[in-house]
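Encoded as C-alpha coordinates, the structure appears first; notes follow it.
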Amino acid sequence: MTWDASFFARNAIDVASDLVGFELQVSGVGGVIVETEAYLHNDAASHSFAGATKRNQSMFGPPAYSYVYLSYGLHWCLNFVCLPGSAVLVRAIEPKCGLEIMRQRRAVDDIRKLCAGPGRVCQALAITGEMNGLPVTDPAFRLVLRPAPVDVAAGTRIGITKASDLTWRFGLKGSPFVSRKF
DNA sequence: CTATCGATTGTCT
DNA sequence: GACAATCGATAGA
(Lines give C-alpha, C1' and ligand atoms only; values in the text may rest on other atoms or scores of the structure.)
Protein backbone atom coordinates (compact mmCIF):
# COMPACT_ATOMS: atom_id res chain seq x y z
CA MET A 1 0.00 0.00 0.00
CA THR A 2 1.27 3.43 -0.88
CA TRP A 3 -0.53 6.59 -0.01
CA ASP A 4 -1.52 9.88 -1.56
CA ALA A 5 -4.08 12.51 -0.69
CA SER A 6 -6.90 10.10 -1.57
CA PHE A 7 -5.85 7.99 1.41
CA PHE A 8 -7.75 10.49 3.53
CA ALA A 9 -10.83 10.75 1.30
CA ARG A 10 -12.41 7.77 3.05
CA ASN A 11 -14.39 6.92 6.15
CA ALA A 12 -12.49 8.45 9.10
CA ILE A 13 -12.83 5.19 11.03
CA ASP A 14 -10.90 3.33 8.33
CA VAL A 15 -8.33 6.12 8.05
CA ALA A 16 -7.83 6.23 11.82
CA SER A 17 -7.19 2.51 11.93
CA ASP A 18 -4.92 2.55 8.88
CA LEU A 19 -2.90 5.51 10.12
CA VAL A 20 -1.57 3.54 13.12
CA GLY A 21 2.05 2.65 12.35
CA PHE A 22 2.67 5.58 10.01
CA GLU A 23 5.60 7.82 10.77
CA LEU A 24 4.86 11.49 11.36
CA GLN A 25 7.39 14.27 11.69
CA VAL A 26 7.09 18.04 11.85
CA SER A 27 10.27 19.76 10.78
CA GLY A 28 12.20 16.56 11.39
CA VAL A 29 10.84 15.90 14.88
CA GLY A 30 8.42 13.06 15.55
CA GLY A 31 8.02 9.29 15.35
CA VAL A 32 5.48 6.54 14.77
CA ILE A 33 1.78 7.21 15.22
CA VAL A 34 0.59 4.72 17.84
CA GLU A 35 -2.85 6.07 18.76
CA THR A 36 -5.68 7.79 16.86
CA GLU A 37 -9.38 8.56 17.16
CA ALA A 38 -12.05 9.00 14.48
CA TYR A 39 -14.60 11.82 14.50
CA LEU A 40 -17.40 11.73 11.95
CA HIS A 41 -19.84 14.35 10.71
CA ASN A 42 -22.89 12.59 12.10
CA ASP A 43 -21.21 12.13 15.47
CA ALA A 44 -22.37 13.93 18.60
CA ALA A 45 -18.81 14.01 19.97
CA SER A 46 -17.40 15.71 16.88
CA HIS A 47 -16.77 19.42 16.56
CA SER A 48 -18.43 19.21 13.14
CA PHE A 49 -21.68 17.75 14.48
CA ALA A 50 -23.57 21.05 14.65
CA GLY A 51 -22.34 22.25 11.28
CA ALA A 52 -19.54 24.46 10.05
CA THR A 53 -18.30 27.27 12.29
CA LYS A 54 -15.25 29.48 12.25
CA ARG A 55 -13.29 27.08 14.43
CA ASN A 56 -14.06 23.86 12.59
CA GLN A 57 -14.04 25.13 9.02
CA SER A 58 -10.99 23.03 8.22
CA MET A 59 -13.05 19.91 8.87
CA PHE A 60 -15.30 20.88 5.97
CA GLY A 61 -12.42 21.64 3.64
CA PRO A 62 -10.61 19.16 1.42
CA PRO A 63 -9.33 15.83 2.78
CA ALA A 64 -5.66 15.44 3.75
CA TYR A 65 -5.50 18.87 5.37
CA SER A 66 -4.80 19.58 9.03
CA TYR A 67 -7.39 20.65 11.59
CA VAL A 68 -5.67 22.10 14.66
CA TYR A 69 -7.74 23.42 17.55
CA LEU A 70 -7.17 24.64 21.10
CA SER A 71 -8.49 22.36 23.82
CA TYR A 72 -9.42 23.61 27.29
CA GLY A 73 -7.86 26.95 26.50
CA LEU A 74 -4.31 25.61 26.66
CA HIS A 75 -3.63 22.46 24.65
CA TRP A 76 -3.40 22.23 20.87
CA CYS A 77 -4.68 19.08 19.18
CA LEU A 78 -3.84 17.83 15.67
CA ASN A 79 -6.27 16.18 13.26
CA PHE A 80 -6.17 15.19 9.63
CA VAL A 81 -9.34 15.81 7.67
CA CYS A 82 -11.02 12.86 5.93
CA LEU A 83 -14.38 12.99 4.14
CA PRO A 84 -16.14 16.37 4.65
CA GLY A 85 -16.97 16.94 8.31
CA SER A 86 -14.82 14.07 9.53
CA ALA A 87 -11.26 13.84 10.81
CA VAL A 88 -8.72 11.70 12.64
CA LEU A 89 -7.21 12.94 15.90
CA VAL A 90 -3.54 12.07 16.43
CA ARG A 91 -3.45 11.02 20.09
CA ALA A 92 0.00 9.52 20.61
CA ILE A 93 3.34 9.03 18.90
CA GLU A 94 6.29 6.76 19.68
CA PRO A 95 9.18 9.24 19.76
CA LYS A 96 11.93 8.47 17.25
CA CYS A 97 13.42 11.66 15.87
CA GLY A 98 14.54 14.74 17.76
CA LEU A 99 14.22 13.25 21.24
CA GLU A 100 16.25 15.98 22.91
CA ILE A 101 14.25 18.71 21.21
CA MET A 102 11.06 17.08 22.43
CA ARG A 103 12.40 16.75 25.96
CA GLN A 104 13.20 20.46 26.01
CA ARG A 105 9.81 21.45 24.63
CA ARG A 106 7.95 19.16 27.02
CA ALA A 107 10.22 19.70 30.01
CA VAL A 108 10.12 16.00 30.90
CA ASP A 109 12.71 13.25 30.54
CA ASP A 110 10.51 10.16 30.46
CA ILE A 111 10.25 9.10 26.83
CA ARG A 112 6.87 7.54 27.54
CA LYS A 113 5.45 10.91 28.48
CA LEU A 114 6.78 12.92 25.57
CA CYS A 115 3.96 12.24 23.09
CA ALA A 116 1.35 10.20 25.02
CA GLY A 117 -1.72 12.38 24.51
CA PRO A 118 -2.98 14.80 21.85
CA GLY A 119 -1.86 17.91 23.72
CA ARG A 120 1.52 16.37 24.43
CA VAL A 121 2.02 15.43 20.77
CA CYS A 122 1.48 19.02 19.69
CA GLN A 123 3.76 20.41 22.37
CA ALA A 124 6.54 17.97 21.48
CA LEU A 125 6.22 18.60 17.72
CA ALA A 126 5.66 22.37 18.15
CA ILE A 127 2.23 22.30 16.52
CA THR A 128 -0.01 25.32 17.11
CA GLY A 129 -3.02 26.95 15.51
CA GLU A 130 -0.73 28.47 12.93
CA MET A 131 -0.57 25.03 11.35
CA ASN A 132 -4.34 24.73 11.03
CA GLY A 133 -5.50 24.18 7.46
CA LEU A 134 -2.17 23.06 6.02
CA PRO A 135 -2.06 20.21 3.50
CA VAL A 136 -0.36 17.12 4.87
CA THR A 137 1.89 17.35 1.83
CA ASP A 138 3.26 20.66 3.13
CA PRO A 139 7.05 20.60 3.58
CA ALA A 140 6.56 21.14 7.32
CA PHE A 141 4.99 17.69 7.59
CA ARG A 142 6.55 14.37 6.83
CA LEU A 143 4.11 11.47 6.75
CA VAL A 144 5.56 8.10 5.83
CA LEU A 145 3.72 4.90 5.11
CA ARG A 146 4.22 2.20 7.70
CA PRO A 147 6.73 -0.39 6.50
CA ALA A 148 4.51 -3.38 7.27
CA PRO A 149 0.99 -4.17 8.51
CA VAL A 150 0.56 -3.87 12.28
CA ASP A 151 -1.86 -5.27 14.85
CA VAL A 152 -4.37 -2.56 15.77
CA ALA A 153 -6.33 -2.45 19.02
CA ALA A 154 -9.67 -0.64 19.31
CA GLY A 155 -11.40 0.96 22.27
CA THR A 156 -13.71 3.77 23.34
CA ARG A 157 -12.69 7.36 22.79
CA ILE A 158 -11.23 9.41 25.63
CA GLY A 159 -12.33 12.65 27.19
CA ILE A 160 -15.74 12.99 25.57
CA THR A 161 -19.18 13.05 27.13
CA LYS A 162 -21.34 12.27 24.10
CA ALA A 163 -21.26 9.08 22.04
CA SER A 164 -18.73 7.75 24.52
CA ASP A 165 -19.67 4.14 23.86
CA LEU A 166 -18.34 4.03 20.30
CA THR A 167 -15.06 2.18 19.83
CA TRP A 168 -13.45 4.67 17.49
CA ARG A 169 -10.09 4.86 19.25
CA PHE A 170 -7.29 2.85 17.69
CA GLY A 171 -3.80 1.98 18.86
CA LEU A 172 -0.74 -0.06 18.13
CA LYS A 173 -1.28 -3.32 19.98
CA GLY A 174 0.99 -3.64 23.00
CA SER A 175 2.65 -0.25 22.54
CA PRO A 176 3.88 1.37 25.77
CA PHE A 177 3.55 4.79 24.16
CA VAL A 178 -0.25 5.07 24.04
CA SER A 179 -1.94 7.60 26.31
CA ARG A 180 -3.98 4.86 28.01
CA LYS A 181 -4.03 1.09 27.75
CA PHE A 182 -6.71 -0.51 25.63
C1' DC B 1 -2.55 1.99 40.55
C1' DT B 2 -7.19 5.09 40.50
C1' DA B 3 -9.75 9.44 41.62
C1' DT B 4 -10.21 14.23 41.84
C1' DC B 5 -9.39 18.93 40.85
C1' DG B 6 -7.58 23.42 39.08
C1' DA B 7 -5.66 25.90 35.10
C1' DT B 8 -7.09 28.88 31.15
C1' DT B 9 -9.43 30.89 27.03
C1' DG B 10 -11.69 30.42 22.49
C1' DT B 11 -16.12 29.28 20.95
C1' DC B 12 -20.89 28.94 20.77
C1' DT B 13 -25.76 29.63 22.87
C1' DG C 1 -22.43 32.35 30.79
C1' DA C 2 -21.34 27.42 30.08
C1' DC C 3 -18.51 24.32 28.37
C1' DA C 4 -14.54 21.87 26.35
C1' DA C 5 -11.60 15.66 21.58
C1' DT C 6 -6.38 17.82 28.14
C1' DC C 7 -2.66 17.89 31.39
C1' DG C 8 -0.21 17.77 35.63
C1' DA C 9 -0.26 17.71 40.50
C1' DT C 10 -1.88 15.67 44.47
C1' DA C 11 -4.11 12.45 47.66
C1' DG C 12 -5.30 7.96 48.86
C1' DA C 13 -5.68 2.67 48.28
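Remember, it's a predicted structure, so these values are computed and weren't measured experimentally. Here is how names work: the chains are called A, B, and so on, in the same order as the sequence lines, proteins then strands, and each is numbered from 1.
- Under the Watson-Crick or G-U wobble criterion, with both distances below 3.5 Å, B/dT4 is paired with C/dA9.
- To the nearest angstrom, C1' of C/dA5 lies 15 Å from CG of A/N132.
- Contact annotation: A/R91 reaches the phosphate of C/dT6 (side-chain N/O to OP1 or OP2, under 4.0 Å).
- Rounded to a whole Å, the CG atom of A/L74 is 10 Å from the P atom of C/dG8.
- Looking at every heavy atom in both residues, A/D18 comes nearest to A/F22 through O-CE1, 3.2 Å.
- A/N56 and A/S48 form no side-chain donor-acceptor contact under 3.5 Å, judged by distance and modelled atom types alone.
- In this entry the distance linking OH of A/Y72 with P of C/dA5 reads 6 Å, nearest Å.
- Taking 4.0 angstrom as the limit, A/H75 places none of its side-chain polar atoms (N or O) nearer than this to OP1 or OP2 of C/dC7.
- If you take CD of A/Q57 and P of B/dC12, they are 10 Å apart, rounded to a whole angstrom.
- The interatomic distance linking A/L70 (CG) with B/dT11 (P) rounds to 8 Å, in whole Å.
- Rounded to an integer number of Å, the gap from A/H41 NE2 to C/dA5 P is 16 Å.
- For the pair A/R55 and C/dA4, the criterion of a side-chain N or O lying under 4.0 Å from OP1 or OP2 is not met.
- Inspection of the A/R91 and A/S179 side chains reveals an N or O donor paired with an N or O acceptor under 3.5 Å.
- Of the candidate nucleotides B/dC12, C/dG8, C/dT6, C/dT6 has the atom lying nearest to any side-chain atom of A/I158.
- In the set C/dC7, C/dA4, B/dA7, the nucleotide with an atom closest to the side chain of A/P118 is C/dC7.
- Contacts of A/R180 with the nucleic acid, taken as non-hydrogen atoms under 4.0 Å apart, are absent.
- Inspection of the A/Q123 and A/R105 side chains reveals no N or O donor paired with an N or O acceptor under 3.5 Å.
- Summarising the geometry, the separation between CG on A/D110 and P on C/dA9 is reported as 12 Å, rounded to the nearest angstrom.
- Set against C/dT6, B/dT11, C/dC7, the side chain of A/R120 has C/dC7 as its closest nucleotide.
- If you check every strand for non-hydrogen atoms under 4.0 Å, A/R157 touches nothing.
- Rounded to whole Å, the distance from CG on A/L78 to P on C/dT6 is 14 Å.
- In this structure, A/I160 reaches the sugar-phosphate backbone alone: every heavy-atom distance under 4.0 Å involves primed, P, OP1 or OP2 atoms, never a base.
- Listed nucleotides: C/dG8, C/dT6, C/dA4. Nearest to the side chain of A/T161: C/dA4.
- Out of C/dA5, C/dA4, B/dT11, the shortest distance to the side chain of A/Y39 is found at C/dA5.
- Both tests do not hold together for A/R180 against A/F182: distance to the six-membered ring centre under 6.0 Å, angle to the ring axis within 45°.
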